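A quick write-up on the structure given underneath.
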Amino acid sequence: MIVKKLKKKFPKIFVWDYLENYSKNRQKIIKIVDKVFKSGNLILSKEVANFEKKFSNFTNRSYGVGVNSGTDALLIALLSIGIEKDDEVITVSNTAVPTVSAIVSCQAKPIYVDINENDYLMNPNLIENKISKKTKAIIPVNLYGQSADYDFINKIAKKYNIKVIEDCAQSAGAFYKNKPSGSFGDLAAFSFYPTKNLGGYGDGGMVLTSSQKLYQRCIKLRKYGMSKLYYSDFHGINSRLDEIHAAILSFQLKKLKSNIIKRRKIAKIYNQNLKIKDLILPVENKNNFHSYYVYVVRHPARKKIMKYLMDNNIFCNISYPYPIHSMKGYKHFNKKRIDLKNTNKLSKQIFSLPMYPELSPIKIEKIINTLNKF
Ligand SMILES: Cc1ncc(COP(=O)(O)O)c(C=O)c1O
């Protein structure tokens, strides 16, 4: 009985939670799903086309191709520009595995550049040094919700005639120099995984581009390379966005802007009130409108702090504890010694505090008070 009462008084605070959002929108979501089920179309139909149009407009792009996940969006983007065996693709090691797994799925090789110590994003000063005859593309990752430095990155890409694919899995609703994230590279890849800023109720992703040629390739690539029914022009994959997910995502898109404002408010409260010694708070770059997909802090005593917070029913996350180049599955690509000093150092110190639009003021206060007592 006492435990039950305590649990009610001090409920668990998760790093992310969709149930509060669902309970608010349950009737609307059920109506949307029912409408799709009654329509007689479940895959790649009106809802997908409608969402592709809405999201590409939102991102200032001419075309959107709805696919099964953010991982597939990256893979299809890479395949559309002809990435193949032994090509090199420059990216970062402080990212989610799929950024690199998409490169490896094309039999290409990931080449890493280090990140900045303040914002944890690709350091563009280090790119040129990594360019070789085999370099075909750069994938900057808009990590944690803010954009990499595209003015600089696109200039280098142009100089060497290489393509840029934005990994926007974490940056829906962010802006760089007042333009939406996803509007800078030759292509952009988004994820609609439930935790994301624009999250669905299952897997989903989209490739965006303003090139008609690349769009047409992406459309074929997501459906076995087919140009017409049962006829493939080239080898493709099966990566379709379901109608129910597209319909729900169109509904979620309407709330994206207000949700980002809520995320930014939470970040501001954290920024103003967290006062623990040696805790490094996130930096919002001057050209960026940060969307705070996650609120990442740094502390040398990460393990102790996370354990202390967990003992107080506050659950954090680490994005990411293992840089990709250090993992067993990807180590073999680093034939030469690679210098990723910041990546290695930061991976031991970063962790993210609870962050989602419905996070209540009471929970925020509890997180801050608990942390400040550490
Ligand atoms: C940076 C980054 N890239 C790519 C992906 C892949 O997206 P998905 O999980 O939808 O395949 C994710 C999602 O985890 C991500 O965070």
Side-chain angles (χ1 to χ4, degrees), residues 15-16 18 48 51 55 64-79 89-106 110 112-113 115 119-122 137-148 153 164-174 181-182 184-185 187-208 218 221-222 237-242 245-246 248-249 252 263 290-296 317-325 327 329-330 343 346-347 350-352 355-356:
V15 71
W16 170 81
Y18 83 94
V48 172
F51 178 56
F55 193 59
V65 180
V67 296
N68 188 258
S69 65
T71 311
D72 278 0
L74 284 165
L75 174 62
I76 287 175
L78 286 162
L79 291 172
V89 178
I90 293 175
T91 190
V92 288
S93 180
N94 176 40
T95 183
V97 168
T99 310
V100 174
S101 74
I103 298 169
V104 174
S105 295
C106 300
Y112 304 108
V113 297
I115 52 174
D119 60 14
Y120 317 129
L121 297 165
M122 176 180 270
I138 306 173
I139 304 186
V141 182
N142 302 329
L143 204 70
Y144 307 147
Q146 72 176 332
S147 287
I153 294 168
V164 174
I165 298 173
E166 289 176 75
D167 184 338
C168 298
Q170 304 191 0
S171 62
S181 177
F184 300 98
L187 297 123
F190 282 85
S191 162
F192 306 123
Y193 184 74
T195 61
K196 302 302 187 206
N197 288 349
L198 179 55
Y201 281 70
D203 272 316
M206 195 177 287
V207 191
L208 296 168
C218 291
L221 278 163
R222 84 167 160 192
I237 60 171
N238 164 19
S239 183
R240 301 179 291 224
L241 183 62
D242 295 332
H245 294 314
I248 293 171
L249 284 163
Q252 301 283 55
R263 286 175 182 273
H290 200 315
S291 64
Y292 288 101
Y293 166 58
V294 278
Y295 184 90
V296 175
N317 188 34
I318 306 173
S319 315
Y320 296 93
Y322 312 108
I324 316 285
H325 72 278
M327 293 182 192
Y330 293 98
T343 304
L346 300 173
S347 67
I350 47 179
F351 63 104
S352 26
M355 168 61 84
Y356 52 91

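Both backbone and side-chain heavy atoms feed into the values below; hydrogens, waters and symmetry mates do not. Each ligand, and each atom within it, is numbered from 1 in the order the structure gives. None of these values were measured; they are calculated from a predicted model.
- At least one N/O-N/O distance between Gly70 and ligand 1 falls below 3.5 Å.
- No side-chain donor-acceptor contact under 3.5 Å links Arg240 and Asn68.
- Shown in contact with Ser191 at under 4.0 Å from a heavy atom are these atoms of ligand 1, numbered in order with element: 7 (O), 8 (P), 10 (O).
- By the criterion of a heavy-atom distance under 4.0 Å, both the backbone and the side chain of Thr71 are placed next to ligand 1.
- The nearest heavy-atom contact from the protein to atom 2 (C) of ligand 1 is Ala169 CB, 3.3 Å.
- Taking a cut-off of under 4.0 Å to the non-hydrogen atoms of Thr95, the atoms of ligand 1 that pass are 1 (C).
- Residue, atom and distance of the protein heavy atom nearest to atom 1 (C) of ligand 1 are Asp167 OD2, 3.5 Å.
- For the pair Tyr193 and ligand 1, the shortest N or O to N or O distance does not fall below 3.5 Å.
- In this structure, Ser171 contributes its side chain and Ala174 its backbone to no donor-acceptor pair below 3.5 Å.
- Under the 4.0 angstrom criterion for non-hydrogen atoms, Tyr144 is not in contact with ligand 1.
- Taking the six-membered ring for Trp and the full ring otherwise, Phe51 and Phe192 have centroids separated by under 6.0 Å.
- When atom types are taken as modelled, the side chain of Asn142 and the backbone of Ala148 share a donor-acceptor pair closer than 3.5 angstrom.
- How far OH of Tyr292 is from OG of Ser352: 13.0 Å, rounded to the nearest 0.5 Å.
- One N or O on the side chain of Tyr144 and one on the backbone of Ser319 form a donor-acceptor pair closer than 3.5 Å.
- Each of the following atoms of ligand 1 lies closer than 4.0 Å to a heavy atom of Gln170: 1 (C), 16 (O).
- Listed by atom number, the atoms of ligand 1 under 4.0 Å from Tyr320 heavy atoms are 16 (O).
- The backbone N or O of Ala169 sits less than 3.5 Å from a side-chain atom of Asp167, completing a donor-acceptor pair.
- Judged by distance alone, the side chain of Gln252 and the main-chain N or O of Leu198 form no donor-acceptor pair under 3.5 Å.
- Atom CD1 of Ile324 and atom OG1 of Thr91 lie 8.5 Å apart (nearest 0.5 Å).
- Counting only heavy atoms of the protein, atom 13 (C) of ligand 1 lies nearest to Lys196 NZ, 3.0 Å.
- Per-residue contacts place Ser69 under 4.0 angstrom from the following atoms of ligand 1 (heavy atoms of the residue considered): 10 (O), 11 (O).
- Nearest protein heavy-atom neighbour of atom 5 (C) of ligand 1: Pro98 CG, 3.4 Å.
- Of the N or O atoms in Asp203, none lie within a sub-3.5 Å distance of an N or O in ligand 1.
- The contact set between ligand 1 and Val141, taken as ligand atoms under 4.0 Å from a residue heavy atom, comprises 1 (C).
- Ring centroids of Tyr356 and Tyr18 are separated by 6.0 Å or more, keeping the two rings apart.
- Atom numbering of ligand 1 starts at 1 in the shown order; those under 4.0 Å from a heavy atom of Ala96 are 2 (C), 15 (C), 16 (O).
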